[in-house]
**Q** 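Here it is: the structure, laid out below.
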Amino acid sequence: MSLEGKDAIFLQGEDCKPDWRLASAEYNDSDTHLQILGKPVMERWETPYMHSLATVAASKGGRVLEIGFGMAIAATKIESLDVEEHWIIECNDGVFKRLQEWAKVQPHKVVPLKGLWEDVVSTLPDSHFDGILYDTYPLSEETWHTHQFSFIKGYAWRLLKPGGVLTYCNLTSWGELLKEKYSDIEKMFQETQVSHLVESGFKKENIQTSVMDLIPPKDCRYYSFHKMITPKITKH
């Protein structure tokens with residue numbers, strides 16, 4: 001499902017994973033955009049949505065796991081809320097350096113964890129987190145629409161405490177689905193996400209979503225829909 005031409009996020013068969021760790025993290029001068037290997041990783045217009053995800057992840061307090069640091073938008077919101085510990089996984093060297101500096105001035109205990117999430121999460125204890133926020137960038141055309149499920153199916157249930165909450169997004173995927181296949185964001189989520197969550201062990205009745213209005217700038221390459229959806233998935 002890749003677009004053709006210069007606006008394509010991924011070309012057919014493209015794989016950025018081998019180069020992602022060492023690639024330059026290109027924050028623009030006004031700190032409103034982050035690109036890595038030419039990919040639009042994050043933009044500051046996402047802030048209200050990132051805050052929505054962060055609020056869900058921190059809603060149980062306690063220990064929160066965030067996967068993907070980016071521009072610290074969600075991370076800074078989590079730090080403003082009533083949590084005890086904030087563990088953050090980040091694999092890109094430049095982004096991780098920014099995370100380390102940011103962590104020094106936060107009000108709660110921050111545990112920076114360096115590496116690809118696939119390599120880090122297997123080392124983390126069972127039933128350790130009250131909340132999880134998964135928001136990493138897809139690293140290949142093959143995993144563009146599915147990478148979040150690799151984490152959710154393989155690890156989310158194990159890592160969460162009973163009663164803990166998971167939230168996540170894949171805007172690079174959802175933006176494409178809402179451009180090409182869907183005009184209803186709740187239907188998109190229901191038809192492309194929920195079955196995978198149920199397969200991961202979560203009960204359908206414990207999968208909730210909320211929708212907000214948010215208009216991206218016209219030059220955003222990865223998202224043009226005027227609504228965004230926040231999942232809240234509770235481990236029973």
Side-chain angles (χ1 to χ4, degrees), residues 15-23 25 36-37 39 41-42 53-54 56-58 60-70 72 74-75 78 83-100 102-103 108-173 193-203 206-207 231-236:
D15 184 4
C16 299
K17 190 172 181 179
D19 302 318
W20 197 262
R21 180 177 69 85
L22 296 176
I36 299 175
L37 294 177
K39 305 300 183 189
V41 174
M42 180 167 272
L53 295 173
V56 170
K60 301 291 185 178
R63 184 182 295 116
V64 175
L65 173 65
E66 183 177 3
I67 304 176
F69 182 68
I78 289 171
V83 300
E84 296 173 10
E85 295 183 12
H86 186 182
W87 296 38
I88 306 174
I89 299 172
E90 175 56 52
C91 69
N92 176 267
D93 284 358
V95 177
F96 190 77
K97 287 177 183 176
R98 183 177 271 219
L99 163 57
Q100 289 177 305
W102 173 91
H108 305 295
K109 179 182 177 181
V110 177
V111 182
L113 300 165
K114 179 72 166 67
L116 292 164
W117 69 258
E118 300 96 317
D119 298 328
V120 176
V121 294
S122 61
T123 71
L124 301 179
D126 293 356
S127 302
H128 200 57
F129 297 99
D130 299 277
I132 298 175
L133 167 51
Y134 178 94
D135 178 22
T136 71
Y137 197 79
L139 298 185
S140 69
E141 188 262 344
E142 181 182 6
T143 61
W144 182 356
H145 298 281
T146 59
H147 66 92
Q148 69 272 28
F149 303 132
S150 297
F151 168 75
I152 294 170
K153 291 181 179 181
Y155 300 99
W157 181 272
R158 178 180 72 78
L159 294 172
L160 280 172
K161 296 178 182 179
V165 293
L166 164 71
T167 191
Y168 73 97
C169 69
N170 184 352
L171 294 186
T172 312
S173 167
Q193 308 294 301
V194 170
S195 64
H196 295 281
L197 299 173
V198 172
E199 287 173 15
S200 304
F202 297 99
K203 291 184 176 180
N206 292 331
I207 301 170
K232 180 179 180 180
I233 304 125
T234 305
K235 177 178 177 178
H236 57 273

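Sequence positions, counted from 1, serve as the residue numbers for this chain.
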**Q** With the threshold set at 4.0 Å, does a side-chain nitrogen-carboxylate oxygen contact exist between D126 and R158?
**A**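 Yes, this pair counts.
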
**Q** Of all the heavy-atom pairs spanning H86 and A75, show the shortest one and how long it is.
**A**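 That closest heavy-atom pairing would be CE1-O, 3.5 Å.
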
**Q** Look up atom OG1 in T136 and atom CG in L116, then write down how far apart they are to the nearest 0.5 Å.
**A**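 One finds 9.5 Å between OG1 of T136 and CG of L116.
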
**Q** So, does Q148 use its side chain to make a donor-acceptor pair with the main chain of N170 at under 3.5 Å?
**A**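 Judged by distance alone, no pair lies under 3.5 Å.
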
**Q** Please tabulate, for side-chain N and O atoms in residues 93-100, each donor-acceptor pair with protein atoms closer than 3.5 Å (sequence neighbours left out).
**A**
residue: D93; atom: OD1; partner: K114; partner atom: NZ; Å: 2.7
residue: R98; atom: NH1; partner: D31; partner atom: OD1; Å: 3.0

**Q** Give the minimum heavy-atom separation between S140 and D15, together with the two atoms involved.
**A**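 Of all heavy-atom pairs spanning S140 and D15, the closest is CB-OD1, 3.8 Å.
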
**Q** Between C91 and R21, what is the shortest heavy-atom contact and its length?
**A**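 Result for this residue pair: O-CG, 3.3 Å.
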
**Q** Taking the side chain as every heavy atom from C-beta outward, state whether L159 and F151 have any pair of such atoms under 4.5 Å apart.
**A**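 A side-chain contact under 4.5 Å exists here.
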
**Q** Among residues at least two apart in sequence or on other chains, which ones pass side chain to side chain donor-acceptor pair (under 3.5 Å) with D135?
**A**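 With neighbours one apart ignored, the set is empty.
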
**Q** Is it the case that the side chain of N92 and the backbone of W20 share a donor-acceptor pair, with hydrogens and angles ignored and the cut-off at 3.5 Å?
**A**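 Yes, because the side chain of N92 sits within donor-acceptor range (under 3.5 Å) of the backbone of W20.
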
**Q** Got more than 12 heavy atoms from elsewhere within 6.0 Å of CD, E118?
**A**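 Enclosed.
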
**Q** Please report the C-alpha distance between Y155 and S122 in whole Å, then the side-chain angles of each, then the deciding distance to 0.1 Å, and finally whether the side-chain contact (heavy atoms from CB on, under 4.5 Å) criterion is met.
**A** CA-CA 8 Å; Y155 300 99; S122 61; 4.2 Å; yes

**Q** Kindly indicate, with the supporting measurements, whether the criterion side-chain contact (heavy atoms from CB on, under 4.5 Å) is fulfilled by L133 and V64.
**A** CA-CA 8 Å; L133 167 51; V64 175; 5.5 Å; no

**Q** Has the side chain of N206 got a donor or acceptor atom that lies under 3.5 Å from a matching backbone atom of I233?
**A**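 Not confirmed, N206 side chain does not pair with I233 backbone.
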
**Q** Shortest non-hydrogen contact from E66 to A74?
**A**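 Where E66 meets A74 most closely, the heavy atoms are OE2-CB, 3.6 Å.
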
**Q** When rounded to the nearest 0.5 angstrom, what distance separates CD1 in I132 from CG in L160?
**A**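 The CD1 atom of I132 sits 3.5 Å away from the CG atom of L160.
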
**Q** May I have the step-by-step check of side-chain contact (heavy atoms from CB on, under 4.5 Å) for I67 and Y168, ending in yes or no?
**A** CA-CA 9 Å; I67 304 176; Y168 73 97; over 6 Å; no

**Q** How many angstroms lie between atom CD of Q193 and atom CD1 of I152, to the nearest 0.5 angstrom?
**A**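 Between Q193 CD and I152 CD1, I get 7.5 Å after rounding to 0.5 Å.
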
**Q** Taking only residues two or more places apart in sequence, or in another chain, which ones meet W157 in a side chain to side chain donor-acceptor pair (under 3.5 Å)?
**A**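 Counting only residues at least two positions away or on another chain, W157 forms no side chain to side chain donor-acceptor pair (under 3.5 Å).
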
**Q** To the nearest 0.5 Å, how far apart are NZ in K161 and NE2 in H128?
**A**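 Between K161 NZ and H128 NE2, I get 8.0 Å after rounding to 0.5 Å.
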
**Q** Nearest 0.5 Å, what's the CZ-CD1 distance between F69 and I89?
**A**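 These two atoms lie 13.5 Å from each other.
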
**Q** Under 3.5 Å, side chain of T167 to main-chain N/O of P231, donor-acceptor pair present?
**A**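 Checking the backbone N and O of P231 against the side chain of T167, a donor-acceptor pair under 3.5 Å is found.
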
**Q** Kindly determine whether S150 and T143 satisfy side-chain contact (heavy atoms from CB on, under 4.5 Å), including the steps that lead there.
**A** CA-CA 9 Å; S150 297; T143 61; over 6 Å; no

**Q** Between Y134 and H147, does the ring centroid distance fall short of 6.0 Å?
**A**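 So the answer is yes for these two rings.
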
**Q** What is the minimum heavy-atom distance between V165 and A57, and which atoms define it?
**A**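 Heavy atoms of V165 and A57 come nearest at CG2-O, 4.2 Å.
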
**Q** Taking all non-hydrogen atoms of both residues, which atom of V83 and which atom of A58 are closest, and how far apart?
**A**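 Shortest heavy-atom contact: CG1-CB, 3.6 Å.
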
**Q** Rounded to the nearest 0.5 Å, what separates atom CG in D19 from atom CD1 in I36?
**A**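 Taking CG in D19 and CD1 in I36, the distance rounds to 12.0 Å.
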
